[in-house]
Amino acid sequence: FLARFPTLRSLAEANLDEVLKVWEGLGYYARARNLHRAAQQVMEHHGGQLPAEREALLALPGIGPYTVGAILSLAFGQDAAVLDGNVRRVLSRLLAIDGDPRSAATRRRLWDLAKALLPPGQAGPFNQALMDLGATVCTPRDPHCGECPLSEGCQAYQSGDPERYPARVQRRPLPHYDIAAGVIWRGDQLLISKRYAD
């Protein structure tokens, strides 16, 4: 994807169908649509330069608080916190925070904690370290607490049950849909139709 669209301009000027084709296999297609629209808006409203202000970034499609914190701290060196799934898990275990990490109250508490822990002038490396720690050591199941540089002060580790944090929430069962498909051949051609999003 990056080889085909190495600049914001190349992405903004591309046809959406081409963007979606190149995105194949990379996950949620809404992300590709949002990236495409965001690139167009950056070209149109910001002179082709990604803005370095929180509100301007939040106004771009597909960019929320976590992405803003990552962009501001990692790309622009600003003191901005991040709170992705890995960081939520690390902070929840570090302070044995009970409660659903997806609830508004717990999320707010974790955001406040992430902001309070930021070392001034070092937010980028700090955020990257927390994300990497959660991805490689403080994993959802079978965390490697013996390798963790925070284990001495980690309340979840000291409790003897680090996997208890963050609280696990029952997921709703996936819905089942009955669908039908048809195949239409014309000579040696297979006729297909693109499904458009609502």
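Sequence positions, counted from 1, serve as the residue numbers for this chain.
The two residues Pro125 and Gln122 have their closest heavy-atom pair at CD-O, 3.3 Å. Of all non-hydrogen atoms in Pro101 and Arg107, the two that sit nearest each other are O-CG, 3.1 Å. Considering every non-hydrogen atom in both Met43 and Ala12, the closest pair reads CG-CB, 3.6 Å. Listed here is the closest heavy atom pair of Ala156 and Ala96: N-CB, 4.3 Å. Annotation for Ser73 and Asn127: closest pair OG-ND2, 3.0 Å, computed over non-hydrogen atoms. Closest approach of Pro61 and Arg37 over heavy atoms only: CB-NH2, 3.2 Å.
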Would Asn34 and Arg31 satisfy side chain to side chain donor-acceptor pair (under 3.5 Å), going step by step from the backbone distance to the final call?
CA-CA 5 Å; Asn34 285 334; Arg31 289 181 179 156; over 6 Å; no
Please lay out, stage by stage, how His36 and Arg33 fare under the test side chain to side chain contact (heavy atoms under 4.5 Å, CB included).
CA-CA 5 Å; His36 186 241; Arg33 288 184 190 90; 5.7 Å; no
Going through the distances and angles, do Asn86 and Leu130 end up as a side chain to side chain contact (heavy atoms under 4.5 Å, CB included)?
CA-CA 7 Å; Asn86 289 319; Leu130 279 181; over 6 Å; no
Check the pair Glu24 / Tyr29 against side chain to side chain contact (heavy atoms under 4.5 Å, CB included), numbers first and verdict last.
CA-CA 8 Å; Glu24 282 181 354; Tyr29 285 88; 3.5 Å; yes
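Under the 4.5 Å side-chain heavy-atom criterion for grouping Ile, Leu, Val, Met, Phe, Trp and Tyr, Leu133 is connected to Phe126 within one hydrophobic cluster. In the hydrophobic clustering of ILVMFWY residues, with side-chain heavy atoms under 4.5 Å counting as a link, Val82 and Leu110 come out together. Hydrophobic clustering keeps Phe5 apart from Val42 (ILVMFWY residues linked when any side-chain heavy atoms are closer than 4.5 Å, directly or through intermediates). Taking hydrophobic clusters as Ile, Leu, Val, Met, Phe, Trp and Tyr residues chained together by side-chain heavy-atom distances below 4.5 Å, Leu8 shares a cluster with Ile63. Under the 4.5 Å side-chain heavy-atom criterion for grouping Ile, Leu, Val, Met, Phe, Trp and Tyr, Leu74 is not connected to Phe76 through any hydrophobic cluster.
To the nearest 0.5 Å, atom NZ of residue Lys21 and atom CZ of residue Arg4 are 14.0 Å apart. Cys138 contributes atom SG, which lies 12.5 Å from atom CG of Asp132 (distance to the nearest 0.5 angstrom). Separating the CD1 atom in Ile71 from the CG atom in Leu57 is a distance of 5.0 Å, to the nearest 0.5 Å. Here Leu58 contributes atom CG and Thr67 contributes atom OG1; the two are 9.5 Å apart, rounded to the nearest 0.5 Å. To the nearest 0.5 Å, atoms CG (Leu83) and OH (Tyr66) are separated by 10.0 Å.
By the 4.5 Å heavy-atom criterion applied to side chains, Arg89 and Pro140 are counted as neighbours. With a 4.5 Å cut-off on side-chain heavy atoms, Val90 and Val137 do not count as touching. Considering only heavy atoms from C-beta on, Ile97 stays 4.5 Å or farther from Pro166 through its side chain. Side chains of Thr7 and Leu11 form no contact here, defined as non-hydrogen atoms less than 4.5 Å apart. Between Leu190 and Ile184 there is no side-chain heavy-atom pair separated by less than 4.5 Å. Counting heavy atoms from C-beta outward, His46 and Gln41 have side chains that stay 4.5 Å or more apart. A 4.5 Å side-chain heavy-atom check between Leu35 and Val19 finds every atom pair outside the cut-off. The shortest side-chain heavy-atom distance between Val87 and Leu91 falls under the 4.5 Å cut-off.
Annotation for Gln49: atom CD does not count as buried by contact number, only 12 or fewer foreign heavy atoms lying within 6.0 Å. Within a 6.0 Å radius of OH in Tyr157, no more than 12 heavy atoms belonging to other residues, nucleotides or ligands are found. Residue Arg109 places its CZ atom among 12 or fewer non-hydrogen atoms of other residues, nucleotides or ligands, all under 6.0 Å distant.
Side-chain contact annotation: Asp100 with Thr106, donor-acceptor N/O pair under 3.5 Å absent. Using modelled atom types and a 3.5 Å distance limit, the side chains of His144 and Asp142 yield no donor-acceptor pair.
Using a 4.0 Å cut-off between charged side-chain N and carboxylate O, Arg93 and Glu163 make no salt bridge. A salt bridge links Arg164 to Asp98: at least one charged side-chain nitrogen sits closer than 4.0 Å to a carboxylate oxygen.
Between the Gln78 side chain and the Ala52 main chain, a donor and an acceptor come within less than 3.5 Å of each other. The main-chain N or O of Gly121 is found under 3.5 Å from a side-chain atom of Asp79 such that the two form a donor-acceptor pair. Without hydrogens or angle criteria, Gln158 side chain to Ser151 main chain gives a donor-acceptor distance under 3.5 Å.
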